[in-house]
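Data block below; observations after.
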Amino acid sequence: MAGAWHLRNIQRDKAIEAVFQREYQQVLAIAEKQIDTRAYDIAEEARAKFPDVNHGDELEAFLASHRDIAHAFLWTGKGHVESQPQPDRMSDPEFVDEGRKFLSMIGPWFDLESKDFITKLKKSEAMEGRHVYLTSNWITKGDKLLYQSLVLFMPRGSTAEHPALAGFVYDTDYLKDKFFPQALNEVLPNQNRNDTSHPQPVIMVRTAKDHDPLATSLCWDGGSPEVERSFDGVFPGLILGIKLRGTTIANISNHFVRTAFLILGALSLLMGAGMLLTYRNVARELALAKLKSDFVSNVSHEMRTPLSLIRLYAETLELGRLSNPEKRQEYYEIIRKESERLTALINNILDFSRIESGKKEYNFRETDVADLVRSTLESYRFEIEQNGFQFEQKIDNDLPQVSVDREAIARSLLNLVNNAVKYSATDKYLGINLYRHNGGVNLEVVDHGIGIPAKEQPKIFEKFYRVGDPLVHNTKGSGLGLSLVRHIVHAHGGEVAVESEPGQGSKFIITLPVQAAEVQQAKGMSA
Ligand code: ADP
């Protein structure tokens, strides 16, 4: 398995390299064409100035105005050849010697091959409109073979009856120092020797017999070319080569593969994160759907109990069989309490639906919170104590006036008190503390009940949420109380927090700031 994977990788690396190679072959093909055209243009220009068949004596003058040409010659028939070396270089004995050798070779060569050359020239003239034929010429200098470029054409005055051939030679120095450097840099314009920010292609030309470059483009940095192409037209025996400065195709393709892997990795991560998010959203929706269905069954249950009690006691009273006035009184009281419980529940639900639809409005007024807390608890106090609760109320004297919606704060307090009573099975204690805090007031509701595990504490303020504990499950509830408390307190610019430990009890703290009523009003409206 790993082997197959590795093999696939190698194949892919090779494929990237092949793309580069193809690309470079194309660059070289274009380069060859450009260089050929340049060579033809230069040669055609010189040919136009070349003496006609009857003016072999003007060869010297011709060479004087064409310093790049090493030797020129004119062949006007079997055994008739004139040749002239570049007069500029006559002081160099080696050069003179080379010229002599060249002449001794050219005469017999043309005597033999003139027909062939003339046919070639005519063909190229007819097909490509070119009047010159370029080919290579190798000469030996010491123990070295040197490359020269030979240009052949029919001079002016050459006729079908008296065909003539003429030509000249560009020697290695000219090709090496002038022609190719210029031609190669023309192929790669805009080279910048100092710009190493990205790999630039560089090219060179060499002879087929030597691996060292004959000439290179400006930024060539040594080494061997990665892709080569033989000149097959104008400069037979020369080879063009291309590579990247400062790097290799293999490096680039490795880099490419690495980058591709990185991108793939990043994409996989993104996809993973997307899937996780989707999963979380779906899970949350599912949990909410379950909470809602629990809510419906909880609420129905909570409504049914007081309703059946009310009906039961009302029916008993209706029958008029109860002679004991105390019993009757007790029944009335039960009916009142149960209907109060029902009203509280319905108020919670109505408040909740107003909040959810954004229609909840608050009516803020400067209020003595101590008075509000006392009067809210007054009617409950007796009942709470009768249920066996130890009730403790600590209210400071010098409390500031706070701007609140009385009804909403009273409802929040009752929700907290109700919870404290509901969730205290054995140690029945209810403490209410009201004291000054940061210019505003803090209202605390303390119980010694079942408590709330730390990890559940942040969730209990969410709508419909009920802790999944059997102790909670056996207690009636809608999961709305605390979410209402939080909403109301936030609308007052305050905070609600919980401190609790399972089995030890809980403390809910409402912090109310003293705040301008207008600001709160605006907040309440937009909440
Ligand atoms: P519920 O109608 O279920 O009481 P609440 O929103 O008032 O809904 O409370 C959410 C949950 O927080 C409750 O179901 C309960 O698990 C937990 N809780 C609230 N108050 C207390 C408390 N005083 N002691 C222990 N748990 C509490």
Side-chain angles (χ1 to χ4, degrees), residues 287-288 290-306 340-356 360 376-377 380 384 387-393 408-433 442-491 495-510:
L288 196 64
K290 181 172 183 314
L291 284 176
K292 277 184 183 163
S293 90
D294 286 355
F295 165 76
V296 172
S297 79
N298 285 337
V299 166
S300 327
H301 190 69
E302 231 188 316
M303 280 181 161
R304 206 169 322 135
T305 321
E340 270 173 13
R341 199 141 73 97
L342 210 53
T343 312
L345 175 65
I346 290 170
N347 277 342
N348 264 358
I349 295 172
L350 282 178
D351 251 9
F352 173 75
S353 92
R354 277 192 212 112
I355 287 169
E356 284 285 289
K360 172 78 183 160
T376 308
L377 292 177
Y380 282 84
I384 291 166
N387 276 340
F389 271 83
Q390 184 197 346
F391 183 78
E392 246 175 35
Q393 186 172 277
I409 293 296
R411 191 165 301 151
S412 301
L413 175 59
L414 285 183
N415 270 321
L416 293 183
V417 168
N418 252 329
N419 281 350
V421 173
K422 270 202 300 192
Y423 300 113
S424 298
T426 45
D427 191 344
K428 298 187 170 189
Y429 169 86
L430 174 69
I432 304 291
N433 304 320
N442 270 11
L443 171 60
E444 291 179 355
V445 178
V446 187
D447 65 55
H448 293 170
I450 60 171
I452 306 157
K455 76 173 192 337
E456 300 280 3
Q457 290 176 16
K459 298 187 203 158
I460 56 172
F461 294 98
E462 288 169 14
K463 58 188 175 190
F464 309 136
Y465 192 82
R466 306 196 76 211
V467 174
D469 186 292
L471 283 173
V472 175
H473 201 74
N474 297 333
T475 318
K476 290 184 209 97
S478 60
L480 287 184
L482 288 182
S483 85
L484 280 175
V485 171
R486 183 171 67 171
H487 188 276
I488 290 169
V489 173
H490 280 176
E495 276 304 333
V496 56
V498 62
E499 290 168 10
S500 181
E501 215 167 297
Q504 302 292 313
S506 313
K507 185 202 266 183
F508 285 84
I509 310 130
I510 290 179

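When reading the values below, keep in mind they use all heavy atoms of this one structure, side chains included, and skip hydrogens, waters and symmetry mates. Whatever order the structure lists them in is the order used to number ligands and atoms, beginning at 1.
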Closest protein heavy atom (residue, atom, distance) for atom 12 (O) of ligand 1: I460 CG2, 3.4 Å
Show me the pairs that pass salt bridge (Lys or Arg N to Asp or Glu O under 4.0 Å) and involve residues 463-475, at least two apart or across chains. E356-K463
Heavy-atom pairs closer than 4.0 Å: do any link ligand 1 to the side chain of I452, the backbone, both, or neither? side chain
Ignoring hydrogens and geometry beyond distance, is a side-chain donor-acceptor pair present between N348 and N415 at under 3.5 Å? yes
Using side chain to side chain contact (heavy atoms under 4.5 Å, CB included) as the criterion, point out the one residue from I432, D447, T376 that pairs with V417. I432
Protein contact of atom 4 (O) of ligand 1 - nearest heavy atom, named by residue and atom, plus distance: Y423 OH, 2.7 Å
Report yes if the side chains of V445 and L430 come closer than 4.5 Å at any heavy-atom pair, otherwise no. yes
Ligand 1 contact on E456 by region, counting heavy-atom pairs under 4.0 Å: neither
Student check: side-chain heavy atoms of F391 and L377 closer than 4.5 Å: yes
So do L416 and I510 actually touch side chain to side chain, heavy atoms under 4.5 Å? yes
More than 12 foreign heavy atoms under 6.0 Å from NZ of K459: is that the case here? yes
Atoms of ligand 1 close to K422 [distance to a heavy atom under 4.0 angstrom, numbered from 1]: 1 (P), 2 (O), 4 (O)
Over 60° means perpendicular and under 30° means parallel, so tell me whether Y429 and H448 are parallel, tilted or perpendicular. parallel
For atom 3 (O) of ligand 1, the closest protein heavy atom turns out to be R466 NE, 2.4 Å
Does Y465 have any ring pair (Phe, Tyr, Trp, His ring centres under 6.0 Å) partners at least two apart in sequence or in another chain, and if so, which? none
Does the S424 side chain pair with the main chain of V421, one donor and one acceptor, at a distance under 3.5 Å? no
Looking only at protein heavy atoms, identify the closest one to atom 6 (O) of ligand 1 and say how far it is in Å. L482 N, 2.8 Å
At under 4.0 Å between heavy atoms, which part of D469 makes contact with ligand 1: side chain, backbone, both or neither? neither
Can you pull out the closest protein heavy atom to atom 7 (O) of ligand 1? Residue, atom name and distance to 0.1 Å, please. N419 ND2, 2.8 Å
Side chain or backbone, does G479 bring an N or O within less than 3.5 Å of an N or O on ligand 1? yes
Of all protein heavy atoms, the one nearest atom 2 (O) of ligand 1 is S478 N, 2.8 Å
Quick one: which ligand 1 atoms are inside 4.0 Å of a heavy atom on G451? 25 (C)
Checking the N or O distance criterion of under 3.5 Å, is ligand 1 in contact with V467? yes
Compute the shortest N/O to N/O distance between F508 and ligand 1 and return yes if it is under 3.5 Å, no if not. no
Regarding ligand 1, does D447 bring an N or O atom to under 3.5 Å of one of the ligand's N or O atoms? yes
What protein heavy atom sits nearest atom 10 (C) of ligand 1, and how far off is it? Y465 O, 3.3 Å
